[in-house]
K.L.:
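Input: one structure, supplied below.
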Amino acid sequence: MTGQDRNNALFVADIIRHIFGINGPVYFPYGRNVPYEAGHYELSEEEAVEKISDYPDIRLLPIEDEDGTYSEFGTPVFGSIKFEAGEYNTYSRKTGAVEKVTMDSCALPCSCIVSFSRDSNITKTEVLGSAGTVKEIYGKGDWDVTVRGIAVTGRNGEGLTAQEQINRLVKWNDICDSIPVVGSIFREKGIHNIVMESLSVQPIVGRWGAIPFQIEAVSDEPVELYLL
């Protein structure tokens, strides 16, 4: 690892600690100034069991599926998020009329952390002379989705700058339509489309190459009509 790479890694670590409150997310395996090539290493189940045989209290977790993509530091990416390309409805800034706009696919930064919440729709009836209520009708509401991430300018000037990434998200926020979203963390919950409700951008003073953002969205289900 070169001195520049180390500085970049420490810069990213400081940004993540500042925004997400995670201490020490970047780990340097060597204390000496020697070259280190970041990579992805796997052990077979037999090799892993053999290595931890001296530590009976260690429990192996199931291996997660990767997305087949890697970050700039060579680490595998899990749970990536992408908006699908296509034609979407939007409002004309000049006339206010609905018009079509063509959008390219958009992969969100690898730094994104997504939280989900969902309420149940329950009809409750109070009963006189009895404690509590009678629950009559059950239904499920939309998933509330919060995406927090950091747009970071690529190393060595490669890829989009942080501001260009934010500008791209602003264009997606202007969409007045349901957006197909790709990602295992969404598929596991049966979410295939979302509607963006808000986008907030909070630049960090003195850090022009890193811009944190937050997306508030809700899940959307296609409306299907059956003619009998």
K.L.:
Do Thr95 side-chain atoms and Ala97 backbone N/O form a donor-acceptor pair below 3.5 Å?
P.N.:
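Yes, the answer is positive, given that a donor and an acceptor are paired below the 3.5 Å cut-off.
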K.L.:
Testing the basics here: between Cys176 and Tyr91, what is the closest heavy-atom pair and its distance to 0.1 Å?
P.N.:
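It is SG-CD1, 3.1 Å.
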K.L.:
In the structure I gave you, are the side-chain heavy atoms of Arg148 and Pro212 within less than 4.5 Å of one another anywhere?
P.N.:
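Contact flag for Arg148/Pro212 side chains = no.
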K.L.:
Specify the closest pair of heavy atoms between Met196 and Leu169, including all atoms of both residues, with the distance to one decimal.
P.N.:
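Minimum heavy-atom separation between Met196 and Leu169: CE-O, 4.5 Å.
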K.L.:
So if you build clusters from Ile, Leu, Val, Met, Phe, Trp, Tyr with side-chain heavy-atom gaps below 4.5 Å, do Phe186 and Ile175 land together?
P.N.:
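Result: yes, single cluster for both.
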K.L.:
Can you list the steps and then say if Glu87 with Val101 is a side chain to side chain contact (heavy atoms under 4.5 Å, CB included)?
P.N.:
CA-CA 6 Å; Glu87 277 195 344; Val101 62; over 6 Å; no
K.L.:
Give a yes or no on whether the backbone of Ile191 and the side-chain of Ser219 come within a donor-acceptor separation of less than 3.5 Å.
P.N.:
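A pair under 3.5 Å: no.
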K.L.:
Hey, what do you get for SG (Cys112) to CZ (Phe213), rounding to the nearest 0.5 Å?
P.N.:
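With rounding to 0.5 Å, SG (Cys112) is 4.0 Å from CZ (Phe213).
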K.L.:
Between atom OG of Ser120 and atom OH of Tyr138, what is the distance when rounded to the nearest 0.5 Å?
P.N.:
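Between atom OG of Ser120 and atom OH of Tyr138 there are 9.0 Å.
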K.L.:
For the residue pair Val170 and Leu199, establish whether any side-chain heavy-atom pair is separated by less than 4.5 Å.
P.N.:
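With C-beta onward as the side chain, the pair touches.
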K.L.:
So, does Asn167 use its side chain to make a donor-acceptor pair with the main chain of Gln163 at under 3.5 Å?
P.N.:
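Yes.
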K.L.:
NZ/Lys135 to CD1/Ile122 distance, rounded to the nearest 0.5 angstrom?
P.N.:
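Going from the NZ atom of Lys135 to the CD1 atom of Ile122 covers 7.5 Å.
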K.L.:
Run the side-chain hydrogen bond (donor to acceptor under 3.5 Å, both in side chains) check on Glu216 and Gln214 step by step: do they pass?
P.N.:
CA-CA 7 Å; Glu216 297 290 345; Gln214 180 169 312; 2.7 Å; yes
K.L.:
Considering only heavy atoms from C-beta outward, does the side chain of Tyr88 approach that of Ser178 to under 4.5 Å?
P.N.:
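They are not in side-chain contact.
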K.L.:
Would you indicate whether the side-chain heavy atoms of Val218 and Val145 approach each other to under 4.5 Å?
P.N.:
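No, every pair of side-chain atoms sits at 4.5 Å or beyond.
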K.L.:
In chain order, what residues pass the ring pair (Phe, Tyr, Trp, His ring centres under 6.0 Å) check against Phe83, with sequence neighbours excluded?
P.N.:
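Residues passing ring pair (Phe, Tyr, Trp, His ring centres under 6.0 Å) with Phe83: Trp172.
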K.L.:
Atom NE2 in His192, atom CD in Glu84: separation rounded to 0.5 Å?
P.N.:
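Going from the NE2 atom of His192 to the CD atom of Glu84 covers 11.0 Å.
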K.L.:
With heavy-atom distances below 4.5 Å as the criterion, would you say the side chains of Asn193 and Ile179 are in contact?
P.N.:
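They are not in side-chain contact.
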K.L.:
Are Phe116 and Asp144 side-chain neighbours, meaning at least one heavy-atom pair lies under 4.5 Å?
P.N.:
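Result no, sub-4.5 Å side-chain heavy-atom pair not found.
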K.L.:
Closest approach of Pro109 and Ala151, non-hydrogen atoms and distance?
P.N.:
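Nearest pair, atom of Pro109 first, then Ala151: CG-CA, 4.4 Å.
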K.L.:
Does a donor on one side chain and an acceptor on the other come within less than 3.5 Å for Thr102 and Lys100?
P.N.:
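There is no such pair (donor and acceptor under 3.5 Å, judged by atom type) between the side chains of Thr102 and Lys100.
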K.L.:
Val195 pairs by side-chain contact (heavy atoms from CB on, under 4.5 Å) with which of Asp220, Asp177, Asp142?
P.N.:
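In the set Asp220, Asp177, Asp142, the residue that makes a side-chain contact (heavy atoms from CB on, under 4.5 Å) with Val195 is Asp220.
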K.L.:
Quick one, Lys140 with Asn121, criterion side chain to side chain contact (heavy atoms under 4.5 Å, CB included). Give me CA distance, side-chain angles, the key distance, then yes/no.
P.N.:
CA-CA 5 Å; Lys140 293 297 181 180; Asn121 300 323; 5.9 Å; no
K.L.:
Could you measure the distance from the CD1 atom of Ile81 to the CD1 atom of Ile215? Nearest 0.5 Å is fine.
P.N.:
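Ile81 atom CD1 to Ile215 atom CD1 measures 8.0 Å (nearest 0.5 Å).
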K.L.:
With the threshold set at 4.0 Å, does a side-chain nitrogen-carboxylate oxygen contact exist between Arg93 and Asp174?
P.N.:
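Salt bridge between Arg93 and Asp174, a charged N being under 4.0 Å from a carboxylate O: yes.
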K.L.:
Any donor and acceptor pair, going by atom type alone, linking the side chain of Lys189 with main-chain N or O of Ile185 inside 3.5 Å?
P.N.:
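Yes; judged by distance alone, with no hydrogens or angles, the pair exists.
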K.L.:
Are Val114 and Val201 joined in one hydrophobic group, where the rule is that I, L, V, M, F, W and Y side chains link up if heavy atoms are under 4.5 Å apart?
P.N.:
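Yes.
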K.L.:
Taking the side chain as every heavy atom from C-beta outward, state whether Glu136 and Val134 have any pair of such atoms under 4.5 Å apart.
P.N.:
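Glu136 reaches Val134 side chain to side chain.
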K.L.:
Same cluster for Leu160 and Ile211 if Ile/Leu/Val/Met/Phe/Trp/Tyr side chains link at under 4.5 Å?
P.N.:
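Shared cluster, no.
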K.L.:
State, without any angle test, whether Ser105 and Lys82 hold a side-chain donor-acceptor pair at a distance under 3.5 Å.
P.N.:
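Note: Ser105 and Lys82 side chains miss the donor-acceptor criterion.
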K.L.:
On a heavy-atom basis, which atom in Arg168 and which in Ala107 lie closest, and how many Å separate them?
P.N.:
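So the two residues come closest at NH2-O, 3.4 Å.
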K.L.:
Please check if the side chain of Thr153 supplies one atom and the backbone of Thr161 the other of a donor-acceptor pair under 3.5 Å.
P.N.:
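Here the side-chain-to-backbone pair does not exist.
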K.L.:
Return yes when atom CG of Asp119 has more than 12 non-hydrogen atoms of other residues, nucleotides or ligands closer than 6.0 Å, and no otherwise.
P.N.:
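Counting other residues, nucleotides and ligands, CG of Asp119 stays at 12 neighbours or fewer.
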